[in-house]
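Note that these values count all heavy atoms, side chains included, but never hydrogens, waters or copies made by symmetry. Residue numbering restarts at 1 for every chain, and letters A, B, ... go by the order of the sequence lines.
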Amino acid sequence: MISMVAMVLIGAGALFFLAGTIGLLRFPDLHCQLHALTKADGLGLTLIGLGAALLAGSVGDIARIALICAFAALSGATCGHLIARHARRGDAEGRDV
Amino acid sequence: MTTSPRPADAARTAITTTTQLRAIQPSPPVGPVERAGLRDRLRGLILPVALLALIWSLLTDWRLDAWVFGLPALAIAAGLLLAMPHPRRWRLAPVPTLLFALWFAVQAVRGAVDVALRAVAPRMPLRPGFRSWRTALPEGAPRIVLANAVTLLPGTLSAELEGQRLVIHVLDAGLDHDRALGDLESRIAAIFAAPLPGREVAA
Amino acid sequence: MTPDLIYGAAGLAVFGIGLWGAIALQDRMRRLLGLKLCSVGAGFVLIVGAWREPPAAPDPVPHALVITGIVVMLSATAAALALIRRLHDLEAADDRA
Amino acid sequence: MSEPLFLFDLLLALAVVAIAAAALLVRDAFAMIVLFVVFGLLSALAWVRLAAPDVALAEAAIGTGLTGALLLKTLHHLRARGMAGWEPGAAAPRPVPRAVASLNAGLTLAVVAGLGVAILGSPLRVTGLEIAVAEAMPLSGVDNPVTAVLLNFRAYDTLMEVVVLLAAIIVVWQVERGADAAPAPSLGPIWQGFARLTLPAAAIVGVYLLWAGAEAPGGAFQGGAMLAAIGLMLLLTGLYRPHPDHRATARLLFVLGTVAFAAVALLVAGAGRASFEYPQGHAKTLILLIEGLVTISIAVTLTALFHGREPAALKGELRHDP
């Protein structure tokens, strides 16, 4: 039963990764692509992490998975911000010249 | 910055440099720690170091012999914390924090579903644009939490945080984001027990 | 087709691509990247050689050799990149003179 | 087709080969580096599949992460000084005579064909040294066979590896001298909040990787690479600025690992044993001591390799630049 739930979670996570990748390929500009990457892939990783935590054997493993998910979400948001900031500043400079 | 200052691009280079200078100004100065502040800073280390010690124990399955390496690791981490410019310390209100975490989890799922549906929809409903938001939150951790939370909310992505001004990229410029942003802001203010004076929306 | 055959062939192909890049390309950084690809390809072959059918544990000695190789390759890359930067600075100085 | 992961293996292997080719052929140098990083991460994934997690960690952290950072730094250096051929959309390189190009291709094909015959001709999946390693494991002092090989059975290799790293930093410091005047980029308040949370945790994880190497995947090189990543962040954000006065300390830290390693070997040899035949019961202590000091050296050396220039005062020193 638990492994069934875990499989469903991991499958849903993979679907979000797929949707994020489709967004990366289809969206017209860099900022929209960042939306797809930060949000969809972040949730995808969290779902896969939840599924893996259900299958994990020990508290230590679950803690490790939780740490990975937390830091991945944090760095996803931060990297998204930094890339968007850099791209926006580059655009602004291009317009000024 | 990977711009390429060819001779022809001298003007562009000059602009890059001024942007950098302007950007460097507001960052807090990194200097020697004053004696009076040192005790306060050391006290500020207690909670982070305790948290890191907990992480170390979890990683090593509470084994005691691991502390031979755990203590140097904590020393490095504490040194890094001391070396970084220190922000103001905030006291978190427990109940609003918990409420925010639950609300935020739901919003993050909604945001991911929203962008996933937009990505796979045949017509791809996008009306991207930038908006500016003047935040009433105090400087430091509350604003950083705001900017990072905005990125995971449905349809919004923080693109710049400069003083009070938060520039947001939105997927659908036709939607009313002001209400969602105001809601988010008051929730974050509750976490940090920060007073929120009357806010206004910038153009 | 077992994993060792598949990845062995992939490693050989990566090695070949890297070797071709190192001798046929003109750009210095690309040549260096070709050598790096050679080292990864060799790593593939060694790791495939160490692999055993799942219940059995792999041979750790090639693994240790590949780790050593990765660190040595990084050292060589760092030195080569320093030389590339220096060469370029000297060429730029010549052009100005 | 009996393998359940057959399709996964096939797709991953094809992706690795295709991205390797694309990285060499793509026009834009920045895209080249990005593709190289993707290539390295996919290779690491394949190595996890082949039951080599230690190697995959080392490849991801050192072979891909730090190498990618070095490549990006060099690209930034070249572009900042306007090197022709490095601008996006630059002219194609000079054409090569067809005879030379075909000679190159033929030579490569011949070498690869020879290697292929050699590999296919050698028996696959025969027993190698794993039996010998498994028998000696109880004596090694650690429970991870890869660490046992690296720091006990074949410790000579590892000592020489640390020396190679030392040689690399000597070369880089000799080739490039002078203070780095480039201003640190300003990354804004979001970045500072991120660094406050992440860098201390990265220190904990780096040391954990070192400690875990005794019984699980990890070790001095993986942990050292993680700590070096913190050093890179400190350099990039200007939180740490190299100064000529720091050179003595830096040199001391560069040689610390090598000296400790060699000293243990000499002391053990002085007690009438072979150089790396650690005394019974002290193997684990000695290995962890060596690993700890080697990790410090690796972290500092890798950070210095990224920084590149020796932080030297330019006055009174020989400079070839006009």
Under 4.5 Å from any heavy atom of chain D - which part of C:L83: both
Of all of D:V164, D:L24, D:L305, D:V171, which one pairs up most often with chain C through heavy atoms under 4.5 Å apart? D:L24
Contacting moiety of D:A101, where chain C heavy atoms sit under 4.5 Å: neither
Shortest non-hydrogen pair, D:E130 vs C:A57, comes out as OE2-O, 4.4 Å
Chi angles and distances behind the side chain to side chain contact (heavy atoms under 4.5 Å, CB included) call for C:L35, C:T77: CA-CA 9 Å; C:L35 287 178; C:T77 307; over 6 Å; no
Most contacts with chain D, counted as non-hydrogen pairs under 4.5 angstrom, among C:F44, C:W20, C:F15: C:F44
Between D:F306 and chain C, with a heavy-atom cut-off of 4.5 Å, which part of the residue counts as in contact: side chain, backbone, both or neither? neither
Please determine whether the number of non-hydrogen atoms from other residues, nucleotides or ligands lying under 6.0 Å from atom CZ of C:R52 exceeds 12. yes
Which pair of non-hydrogen atoms, one from C:R31 and one from C:I23, has the smallest distance, and what is that distance? NH2-O, 4.3 Å
Quick one: which of D:L14, D:V162, D:V17 has the most heavy-atom pairs under 4.5 Å with chain C, could you say? D:V17
Between chain D and each of C:V48, C:L81, C:L32, count heavy-atom pairs under 4.5 Å; write down the option with the most. C:L81
Scanning both residues in full, the closest heavy-atom pair of D:I298 with D:G224 reads CG2-CA, 4.1 Å
Which heavy atom in D:V142 sits nearest to a heavy atom in D:M137, and how many Å separate them? O-CE, 3.3 Å
Can you say whether D:Q174 sits under 4.5 Å from chain C via the side chain, the backbone, both, or neither, judging by heavy atoms? neither
Any Lys/Arg nitrogen of D:E176 or D:K73 sitting under 4.0 Å from an Asp/Glu carboxylate oxygen of the other? no
I'd like to verify something: which residue of D:L70, D:L103, D:L129 has the highest number of heavy-atom pairs under 4.5 Å with chain C? D:L129
Proximity breakdown for D:L302 and chain C, heavy-atom pairs closer than 4.5 Å: side chain
Which region of D:L107, side chain (C-beta onward) or backbone (N, CA, C, O), has a non-hydrogen atom less than 4.5 Å from a non-hydrogen atom of chain C, or is it both or neither? side chain
Considering the options D:V37, D:T67, D:I33, which one meets the side-chain contact (heavy atoms from CB on, under 4.5 Å) requirement together with D:L72? D:I33
Against chain D, work out which of C:A10, C:S75, C:A9, C:A79 has the most heavy-atom pairs shorter than 4.5 Å and name it. C:S75
Tell me, out of C:V14, C:I84, C:V71, C:L25, who's got the most heavy-atom pairs with chain D below 4.5 Å. C:V71
So what's closer than 4.5 Å to chain C heavy atoms on D:L50: side chain, backbone, both or neither? both
Mind listing the closest non-hydrogen atom pair of D:A225 and D:I62 along with its distance? CB-CG1, 3.5 Å
With chain C as the partner, which of D:V55, D:V112, D:D157 has the greatest number of non-hydrogen pairs under 4.5 Å? D:V55
When only pairs under 4.5 Å are counted, which of D:A134, D:P145, D:A52, D:S122 shares the most heavy-atom pairs with chain C? D:A52
Closest non-hydrogen atom pair, D:V172 against C:A82: CG2-CB, 3.9 Å
